[in-house]
Every structure is written in C-alpha cells, then in structure tokens.
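In what follows, a structure is listed as structure tokens, so that the remarks can point back to it.
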Amino acid sequence: MKADTRRYSISVTKDMDADLKAVKEELYSEDSQSEMFRDLIARGLDAWKASEREIQ
C-alpha cells in the first residue's frame, strides 16, 4: 500500500455485495478489489462534485 493512502473498513448489505460481485466480474476482473473500490469511490466523489456544481 502506498505511503500516502489511508485504510478504511466498510460494511455492505447483501444487495450491495451481489452488485459489487457483478461489477467486479464485468468491469474490474483484472483489478484487485482495492483498486475497484478506489475507482468506484472516485467515481462517486466526481458525481457528487458535479451535482454540487449544478446546484450552485
């Protein structure tokens, strides 16, 4: 793990687990689970920032 990263622990529902497994198989099969989560979090943050700009 890079020195400039932080470790988080998350819990997901059974529904989310099934969706995450499907996404892993479809889009992230060559990536680690950590890489997948980092990308999904980054996408979520980008979407949030875009929605904030639309409101202002």
Side-chain angles (χ1 to χ4, degrees):
M1 186 181 293
K2 294 180 184 177
D4 62 342
T5 60
R6 294 186 61 173
R7 182 177 293 260
Y8 286 89
S9 176
I10 64 168
S11 299
V12 297
T13 63
K14 289 181 183 180
D15 291 340
M16 288 178 71
D17 187 47
D19 289 340
L20 288 169
K21 285 179 182 176
V23 169
K24 173 77 169 140
E25 288 178 16
E26 261 188 64
L27 301 174
Y28 297 96
S29 61
E30 301 296 319
D31 299 319
S32 70
Q33 188 175 33
S34 291
E35 290 169 322
M36 176 184 77
F37 281 124
R38 281 192 296 270
D39 186 58
L40 290 172
I41 291 168
R43 289 173 183 246
L45 290 171
D46 288 344
W48 173 74
K49 289 174 188 174
S51 70
E52 286 292 306
R53 286 191 295 270
E54 289 176 8
I55 293 171
Q56 297 173 354

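Here, residue 1 is the first one in the sequence, and each next residue gets the next number. Computed from heavy atoms alone, side chains included, the values below leave out hydrogens, waters and symmetry copies.
With sequence neighbours left out, the side-chain contact (heavy atoms from CB on, under 4.5 Å) criterion links Glu52 to Trp48, Ile55.
Annotation for Met16: hydrophobic cluster partners, listed by chain and number, are Ile10, Val12, Leu20, Val23, Leu27, Tyr28, Met36, Phe37, Leu40 (ILVMFWY side-chain heavy atoms under 4.5 Å, direct or chained).
Within the model, atoms NZ of Lys21 and CD of Glu26 stand 15.5 Å from one another, a figure rounded to the nearest 0.5 Å. Atom CG of residue Asp19 and atom OG1 of residue Thr13 lie 8.0 Å apart, to the nearest 0.5 angstrom.
Between Arg38 and Glu35 there is a side-chain heavy-atom pair separated by less than 4.5 Å.
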